[in-house]
Amino acid sequence: MADDDQQLVDLLEQVWRSLDEACTDLTEEQWKTPTDLPGWSVQDNLVHISAIESSILGRPAPDHTPPEYDHVKNEVGQRNEVWVDSRRSWPGAKVLDEFREVTGVRLAQLRALTDADFAQESWTPAGPGTVRDLLPFRAVDSWAHEQDIRRALDRPGDLDSPVAEFALGRVVGAMPFVVGKKVHPPDGTTVVFDVTGSWPTTVAIGVEGGRAKRLPAAPADPTATLAMDAETLACLGMGRWDRAAVERRGRVTVAGDDALARNVIDEMNFLF
């Protein structure tokens, strides 16, 4: 497993390097630019990544009690806000320095791990797992926040890299769950995602026996087809945009059963 594990570490190193590049030489105004995540600026997104990796390293959370913000909806959000709010008074350059230090230490730690170390028990967002199980979550989360930052700054990038392909693959991999469990249409329903842009692909989902699965090819006459670019796929799947946002921006074209397509778009967020 060692090679596979280090390939996941490679993804983390790549996305953190890309984040560093995206945030280099920002003005204070740019650091404070709002993003698609309610209440969070460019700076807040970067602090969040540093915070998660700091926690994994065993570093204590700041002794800080944030105000009661409207955008904080649950206990996880409250824990996140402790770190984020504690750094809001910092200049952006200091936040970037902390990110570089934390991720540097984290990468050195990961590069030194053995097979046995990667198999050790660990917290993951999906529940108990191993250190190995946690790495895909960290790569996808880091890439998602990188894209939040890049969209806010109008600095597009890292949409066709190995970590982008990995993250988008996770989104596509969740679509049978979205269609089958969340939308739950009748047997015989087929939904096709026609993805263009930086990661062109066609994904067909079919429902049979109450279960949805990926089909080997798109049917000739699917029940509904949703055409969108890879960025829109990511933003819907990761809860950054909702149907109103993509309709307003003209980011999704629908063919076939319009009501079904709208329901699928409403349910595409599998992270929250």
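Fair warning: this is a prediction, and the values are worked out from it, not measured in the lab.
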Q: Using a 6.0 Å cut-off, check whether atom CG of N74 has over 12 heavy atoms from anything other than its own residue.
A: yes
Q: If you measure from the Lys or Arg side-chain nitrogens to the Asp or Glu carboxylate oxygens, is any gap between R100 and E53 under 4.0 Å?
A: no
Q: Between R262 and D257, does any NZ, NE, NH1 or NH2 come within less than 4.0 Å of an OD or OE carboxylate oxygen?
A: no
Q: Which pair of non-hydrogen atoms, one from H184 and one from G210, has the smallest distance, and what is that distance?
A: CE1-O, 4.1 Å
Q: Give the minimum heavy-atom separation between T130 and A119, together with the two atoms involved.
A: CG2-O, 3.6 Å
Q: One thing to verify: whether R17 and D20 come together as a salt bridge, which I'm taking to mean a side-chain N less than 4.0 angstrom from a carboxylate O.
A: no
Q: Connecting only ILVMFWY residues whose side-chain heavy atoms lie within less than 4.5 Å of each other, what is the rest of V105's hydrophobic cluster?
A: L57, V102
Q: My understanding is that only one of E29, E28, Q30 makes a side-chain hydrogen bond (donor to acceptor under 3.5 Å, both in side chains) with K32; could you say which?
A: E28
Q: Tell me if the CG atom of D70 is crowded by more than 12 foreign heavy atoms within 6.0 Å.
A: no
Q: Does R106 make a cation-pi contact with W16 (under 6.0 Å, within 45 degrees of the axis)?
A: no
Q: Check R151 with D36, please: is the shortest side-chain N to carboxylate O separation under 4.0 Å?
A: yes
Q: For A126, which residues count as a side-chain contact (heavy atoms from CB on, under 4.5 Å) partner, sequence neighbours excluded?
A: T124, F137
Q: Please tell me whether L107 and L8 are part of a single hydrophobic cluster in this structure, the criterion being side-chain heavy atoms less than 4.5 Å apart.
A: yes
Q: Any side-chain donor paired with an acceptor under 3.5 Å for S198 and E231?
A: no
Q: With the threshold set at 4.0 Å, does a side-chain nitrogen-carboxylate oxygen contact exist between K94 and D97?
A: no
Q: Decide side chain to side chain contact (heavy atoms under 4.5 Å, CB included) for L46 and L96; before the verdict, give the C-alpha distance in whole Å, the side-chain angles of both, and the deciding distance to 0.1 Å.
A: CA-CA 8 Å; L46 196 68; L96 183 56; 4.0 Å; yes
Q: Taking atom types as modelled, find out whether D141 and H145 have a side-chain donor-acceptor pair closer than 3.5 angstrom.
A: yes
Q: Under 6.0 Å from the CZ atom of R211, do we count more than 12 heavy atoms belonging to anything else shown?
A: no
Q: Do other residues, nucleotides or ligands put more than 12 heavy atoms under 6.0 Å from the CD atom of E208?
A: no
Q: Are there more than 12 heavy atoms of other residues, nucleotides or ligands under 6.0 Å from atom CG of D258?
A: yes
Q: List in chain and number order the residues that pass ring pair (Phe, Tyr, Trp, His ring centres under 6.0 Å) with Y69, two or more places apart in sequence or in another chain; answer none if no residue qualifies.
A: H71
Q: Kindly indicate whether the side chain of D85, heavy atoms from C-beta on, has any atom under 4.5 Å from the side chain of P67.
A: yes
Q: So, R87 and Q43: side-chain donor and acceptor under 3.5 Å apart, yes or no?
A: no
